Amino acid sequence: MASSSSARYAKHRRIGEDEEAEEDEEEAEEELERFDDFTIASSWERFISEIEAICRQWLADGPKILMKKGADCVPPFENLYMIKRELKHGKRVYSMEYHFMKSAKGKNSYWDDDTHSMQLSFGVDEFLMIAPLSASGVVLDDPESTKLLSSVAIALSNCGSNWPAFVPVHDPSRKAYIGIQNLGTVFTRRFEADRIGSQVPIRLMHLEGLHELFLSKFVLSSTDFPARVKVHFSMKLTYRTPEYDYDNVTLDSEAAESLTENEVASHPKKQWDDDCPWAEWYSAEDPVKGFDLTAIWGERTFEETLEMAEVENVSSFDADSWFLHPVVSQYMVDDSIGKFVGFASQLQLLVNAYESSVEAQFLEDFVADTSGQDNLKSTNVPPPSVIDRVMKDLFSDEAGNSNYMEAENKYTRAMRGAPADSLFGQFCLHALWFGNCNIRAIAVLWIDFVREIRWCWEESERLPRMKSSSTIDLSSCLIHQKLQMLAICIERKKSPNHEKGAGHKDETSNSKAVTKTRKGSAGVVPKMMLLNTFQEMHAPYTQDAPLMTEDMHEERLHAAEAFGNAIGLSGQLERDILSSDMSAFKAANPDAVFEDFIRWHSPGDWVSEGKADGNSGWPPKGKLSQRMSEHGNVWRKIWNDAPPLPVSEQKSLLDPVREGEKVLHYLETLRPQQLLEQMVCTAFKSSADILNKTTYGGFKLMKTKMDQLYATMVSTLKSLQGSL
């Protein structure tokens, strides 16, 4: 029993010792767990540590790496960049921004336009800005601003950085800041700036008062005010010209003397762009509102307040440098659609009308009653008086013939539009300002426009604004080509012998060697004789090929593909041309045979078997080609049927009445989308051509910008040119 009792006692003692050891270990662990790192004990100290970590990272990266990491340029300063991070302290979230420069500024450059207000006020290149993320971004509580600035100062001191740090204070309109900068281990620079927006004391409106206020910040009491303190001072004065008032411009004395009092009152006021090419269409807001003249005095050193008073009265002519720059209108720097002016705003409306043109098959559908169409209810059409005024301007006798003197650009002809001075070009420009350029107003204007063109046709009146030419410009839009064709048809129809071919003075020869009368000769063909009579071959006057628009050329090609034959006569037009040439050749060479005509008109179809030199070996050895020798050859049949008539006695190949009616049919049945496609191309081209006429001297950048404008329009409008 005793042994067992002692064993049990020993066992319990060992258990008790083990328990005590475990308790000691737990107490040691608890002591370790309760160890406090007093460097980051509070939330404020953790806030400082977070600021320090961010600043160390920015310092290590440097400006070049920070720009690669996505630092943003601070508008409108091209040389100033900024990177920011958000921090949380308690319930407040702060934004810390580091502003730095891409390249260092030169000496005395702080008055440049590329200088931030903080750089200008405090003379620093780079700086930190910390502010709460709030509606105003301004710290209104003095203890909070002081604590925030102290946090940044401690963090920067731990980093060994001498970046200045700023905190905004007070009302945002005051643009007030307090700041601090560590200058080593001994000195600290403090910043404070405030702005008085209203009720400025008279004393502070002068340099003398500002000098005294500046010195007062360095003393604790009036007795400590130093007698002489050297102050480094620089100054910038800006003079702005008053905005020009065009509404109150008075006539010069000579012009006013020649006008009566009523005429002076009703005399149109002169605008800044009256002499510009676009003045006929609209008056733009003057982009230059005035000029700023900035006079800068470099850094000087002053010791007395009286010296500041003398500087205030110094002449601007004594300034070290001047800067003159324009004050531009706000719309010049605003790219929003609502700010477009002039051609830009109206062309946008024309594009909208083009998008609406697919809603109907005929233009008359847009003019009809719109009570059931919601999209056309808001489209207004100007009154008939406005339409009459537009038609009078387009078709007036004063318009005359257009010579299409355009400001040439290498991209102009690629835009497939009508010239700005042509009839259709002027129609498109008028349409831009007609009824806010909506599709219904354009339809009304076009119907009246075509009605006036038909009147000119029926009365044989010359089409105004059309170039006097016997050619058709195939690089222009199809409507302009049709109007060119119609103008030529009107001239031909007015001619008393319009049914005859082109008139040439007949040269009649009755020499002894010629037994028949020769007519319509343009001269002798060198080294060529008639095969049967050994007479000189004469080249006849021939009719010009009939004028054709682009769609007529396409029809001709289609006919050639569908009905082509061995000798390439694709239709009646080619037969008529060949018959006219054969008749003229017979009239100029009465004794000619079919082979003579082939030798002159189609030398490739005459196979020569020897050489003929003058009279030697005449007639020349040769024969017709295989295709011309075939039985039933169409050319020989036409030759046999062609009468010997000079062009002056032939029927014209161009029937002006038939072709004129075809043009009018095209204009009257034109689909809305086809019309708007050509209007868009012509309006863009005409607008650019008008702007390109502006004189800008030798300003090469302006020419480059115009070339870029044309190139952009060509590529953008390319999709519309397939059907022009």
Side-chain angles (χ1 to χ4, degrees), residues 277-282 340 342-357 363 366 381-382 386-387 389-396 399 402 404-407 409 412-453 463-467 473 475-484 486-487 666-667 670-693 709-710 713-714 716-717 720-721 723-724:
W278 63 80
E280 179 183 357
W281 304 103
Y282 67 94
F340 283 172
F343 286 128
S345 62
Q346 303 310 116
L347 289 171
Q348 176 67 36
L349 297 175
L350 181 61
V351 172
N352 295 339
Y354 164 71
E355 294 173 351
S356 303
S357 63
L363 286 165
F366 292 107
V381 178
V386 178
I387 300 177
R389 188 161 60 246
V390 173
M391 292 300 133
K392 183 178 180 181
D393 181 74
L394 288 173
F395 292 91
S396 64
S402 174
Y404 310 151
M405 298 298 292
E406 301 183 25
N409 184 282
T412 299
R413 301 184 70 83
M415 296 180 67
R416 300 298 308 275
D421 295 336
S422 67
L423 183 58
F424 184 61
Q426 290 290 298
F427 169 84
C428 293
L429 291 172
H430 274 288
L432 290 178
W433 277 271
F434 185 77
N436 206 20
C437 198
N438 61 76
I439 183 62
R440 188 180 178 207
I442 291 174
V444 171
L445 190 65
W446 176 256
I447 291 172
D448 272 75
F449 177 71
V450 175
R451 188 181 296 123
E452 289 292 328
I453 291 176
L463 277 183
R465 304 181 185 276
M466 296 306 296
K467 189 174 183 179
D473 183 7
S475 67
S476 62
C477 64
L478 187 55
I479 292 178
H480 179 66
Q481 296 178 37
K482 293 292 185 181
L483 292 176
Q484 284 184 310
L486 186 63
Y666 168 81
L667 298 176
L670 192 62
R671 296 292 180 89
Q673 188 174 7
Q674 293 175 328
L675 170 63
L676 268 296
E677 285 173 351
Q678 300 181 62
M679 284 185 65
V680 168
C681 291
T682 298
F684 271 88
K685 175 182 178 297
S686 299
S687 301
D689 288 343
I690 290 174
L691 295 178
N692 199 28
K693 292 178 183 178
L709 174 63
Y710 276 104
M713 288 194 297
V714 168
T716 304
L717 299 175
L720 301 180
Q721 296 175 3
S723 58
L724 299 189

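Please read these numbers as outputs of a predicted model, since none were measured by experiment.
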Verdict with reasoning, Arg465 to Asp421, per side chain to side chain contact (heavy atoms under 4.5 Å, CB included): CA-CA 7 Å; Arg465 304 181 185 276; Asp421 295 336; over 6 Å; no
Check: Cys477 main-chain N/O paired with Arg416 side-chain donor or acceptor under 3.5 Å: no
CG-NZ distance between Leu478 and Lys482, expressed to the nearest 0.5 angstrom: 5.5 Å
Atom pair CG/CZ of Leu445 and Phe434 - distance to nearest 0.5 Å: 5.0 Å
Any donor-acceptor pair under 3.5 Å from Asn438 side chain to Arg440 backbone: yes
Distance (rounded to the nearest 0.5 Å) between Met415 CE and Ser686 OG: 8.5 Å
Side-chain heavy atoms of Ile453 within contact of Leu483, under 4.5 Å: yes
Residue pair His430 / Asp393, side-chain donor-acceptor N/O under 3.5 Å: yes
Where Cys437 and Ala353 come nearest, the two heavy atoms and their spacing: O-CB, 3.7 Å
Distance in Å, Leu463 CG paired with Glu452 CD, rounded so as to fall on 0.5 Å steps: 11.0 Å
Donor-acceptor pair, side chain of Thr682 and main chain of Ala418, under 3.5 angstrom: yes
4.5 Å side-chain heavy-atom contact, Met679 and Gln674: no
Flag side-chain contact, heavy atom, 4.5 Å: Asn692 against Tyr710: yes
Rounded distance (nearest 0.5 Å) linking atom CG of Leu432 with atom CD1 of Ile442: 8.0 Å
Intermediate values then yes/no, side chain to side chain contact (heavy atoms under 4.5 Å, CB included), Ile690 and Leu429: CA-CA 11 Å; Ile690 290 174; Leu429 291 172; 3.7 Å; yes
Test item: Lys467 and Ser422 side chains (from C-beta on) under 4.5 Å apart, heavy atoms: no
Candidate pair His480 and Met466, rule side chain to side chain contact (heavy atoms under 4.5 Å, CB included), full reasoning: CA-CA 9 Å; His480 179 66; Met466 296 306 296; 3.9 Å; yes
Full working for ring pair (Phe, Tyr, Trp, His ring centres under 6.0 Å) between Phe395 and Phe449: CA-CA 9 Å; Phe395 292 91; Phe449 177 71; 5.7 Å; yes
Spacing of Ser345 atom OG and Leu350 atom CG [to the nearest 0.5 Å]: 11.5 Å
Any donor-acceptor N/O pair, Ser357 side chain to Tyr354 backbone, under 3.5 Å: yes
Nearest heavy-atom neighbours spanning Phe366 and Ser356: CZ-O, 3.6 Å
Trp433: which of Tyr282, Phe427, Trp278 passes ring-ring contact (aromatic ring centres under 6.0 Å, His included): Tyr282
Counterpart residues, side-chain hydrogen bond (donor to acceptor under 3.5 Å, both in side chains), relative to Tyr666 (two or more places apart): Gln678
Closest non-hydrogen atom pair between Val450 and Leu667, with its separation: CG2-O, 4.0 Å
Within-4.5 Å side-chain heavy-atom neighbours: Leu394 and Val390: yes
Flag side-chain contact, heavy atom, 4.5 Å: Gln346 against Trp281: no
Residue pair Val680, Leu347: steps toward the side chain to side chain contact (heavy atoms under 4.5 Å, CB included) verdict: CA-CA 8 Å; Val680 168; Leu347 289 171; over 6 Å; no
